[in-house]
There are 2 protein chains.
Amino acid sequence: MALHVVSRSEPSTTADRCAREILETVPLVMRVVRAEMRRQGAQVVSVPQFRALAFVERHPGASLAGVAEHLGVTAPTASTIVDRLVRRRLVGRVPDPAERRRVALTLTPAGGRLFARMRSKARRQVAMRLARASAADLRKVAGALAVLDRLFREEARIIG
Amino acid sequence: MALHVVSRSEPSTTADRCAREILETVPLVMRVVRAEMRRQGAQVVSVPQFRALAFVERHPGASLAGVAEHLGVTAPTASTIVDRLVRRRLVGRVPDPAERRRVALTLTPAGGRLFARMRSKARRQVAMRLARASAADLRKVAGALAVLDRLFREEARIIG
DNA sequence: TCCTAACTATTTGATAACCTAAGTATAAAC
DNA sequence: GTTTATACTTAGGTTATCAAATAGTTAGGA
């Protein structure tokens with residue numbers, strides 16, 4: 001592997017190399033995932049919508065603020081995302097009886113079915129793309145993603 | 001580490017675990033990166049615009065099709081992204097004299113300066129988030145990202 | 001009790017990213 | 001020279017995103 005000569009103003013620690021790679025690779029992977037989810041034909045939801053479904057499935061009765069925090073977006077953004085899911089009858093949204101400021105979100109049966117179907121399809125598609133890599137490489141990738149998840153999930157809460 | 005009971009229809013190979021993690025972690029990281037780039041105040045560009053600048057910087061005289069392929073989007077999308085950069089005088093777009101169907105894209109001086117400034121800022125911000133991790137973890141992350149980049153870059157070309 | 005402050009959610013208005021389908025202009029092929 | 005293919009743009013539509021303004025609900029204190 002050849003060493004690159006980097007500009008003198010750019011330091012070259014491992015963290016910097018990671019940062020560089022994250023800024024290149026993450027958007028690339030994101031785009032492929034998005035394209036695949038769109039390719040599934042029939043009834044589909046966007047990536048943010050999919051993530052909202054995942055959160056509501058894991059936290060029945062969740063509030064809008066919970067969705068917003070999980071997605072890392074502002075409340076208005078989460079509101080419109082959820083609103084689209086409600087209009088498509090994939091999510092139920094009722095006022096929380098105890099706290100009437102809040103809404104309680106749940107998956108409808110149709111929402112649950114669609115989510116389960118999309119999730120396994122998306123996983124299969126991504127797994128197919130990973131099939132070319134060696135088992136050792138994949139173990140490394142899995143470990144690294146766990147590290148990233150921890151770092152960015154914490155920071156997302158601190159910052160956002 | 002507790003073992004989860006997974007639904008019988010969901011296999012549990014390393015590739016599947018990776019797929020699951022990718023679908024969870026990549027959007028999360030993406031969101032943090034986007035939020036940070038927006039946070040920089042002053043004059044900023046979006047993530048796709050930033051990636052377009054990076055491609056043009058590395059490939060002076062690049063065509064629109066080149067940008068589209070690098071971003072993994074359709075030609076019309078790349079066209080509007082570039083158009084916004086041209087209107088902001090960050091990118092120059094002239095017809096290629098040899099192939100007048102094509103356009104030749106270059107960074108303007110202002111575009112080059114903005115790009116350099118944003119890149120180092122973005123890298124610094126991401127690197128700061130990585131600072132909590134051990135050097136060993138970061139080396140693993142760097143290696144894993146290289147693997148992912150290879151897999152998804154190839155596949156992006158095959159599919160898209 | 002009432003008033004205010006804080007919280008939760010939505011609406012509004014703006015910019016941007018994305019797609020498909022349809023156009024324009026140039027080059028190549030026959 | 002007509003057709004076909006290529007490179008890009010335009011048009012029309014959906015979605016995501018934000019900040020600012022709005023409306024309803026709760027809680028705490030005067």
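Fair warning: this is a prediction, and the values are worked out from it, not measured in the lab. Throughout, protein chains are lettered first and strands after them, A, B, ... in sequence-line order, and every chain is numbered starting at 1.
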Reading 5' to 3' through nucleotides 16-24 of chain D, protein heavy-atom contacts under 4.0 Å coded B for base, S for sugar-phosphate only, - for none: SBBBB---B

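Inter-residue side-chain proximity for B:Phe152 and B:Ile22 is flagged as met; some heavy-atom pair is nearer than 4.5 Å.
The backbone N or O of B:Phe55 lies less than 3.5 Å from a partner atom in the side chain of B:His59, making a donor-acceptor pair.
Between B:Asp96 atom CG and C:dA25 atom P the separation is 19 Å, expressed in whole Å. Rounding to whole angstrom units, CE of residue A:Met30 and P of C:dA17 are separated by 15 Å. Taking atom CG of A:Leu90 as the reference point, atom C1' of D:dT15 lies 15 Å away to the nearest angstrom. What separates CE of A:Met37 from C1' of C:dC18 is a distance of 15 Å, to the nearest Å. One atom, CZ of A:Phe50, and another, P of D:dT15, lie 18 Å apart when rounded to the nearest Å. Atoms CG (A:Asp83) and P (C:dT12) sit 12 Å apart, rounded to a whole Å. At whole-Å resolution of the value, CZ in B:Arg51 and C1' in C:dA16 are 16 Å apart. Atom CZ in B:Arg102 sits roughly 16 Å away from atom C1' in D:dT9 (whole-Å rounding).
Rounding to the nearest 0.5 Å gives a distance of 10.0 Å between SG of A:Cys18 and CZ of B:Arg139.
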Side chain to side chain contact (heavy atoms under 4.5 Å, CB included) evaluation trace for A:Arg123 with A:Val126: CA-CA 5 Å; A:Arg123 282 181 185 172; A:Val126 172; over 6 Å; no

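At least one side-chain nitrogen or oxygen of B:Arg93 sits closer than 4.0 Å to the OP1 or OP2 atom of D:dT9.
Not counting sequence neighbours, the partners of A:Arg93 by the salt bridge (charged side-chain N to carboxylate O under 4.0 Å, His left out) test are A:Asp83.
A salt bridge links B:Glu36 with B:Arg129: at least one charged nitrogen is closer than 4.0 Å to a carboxylate oxygen.
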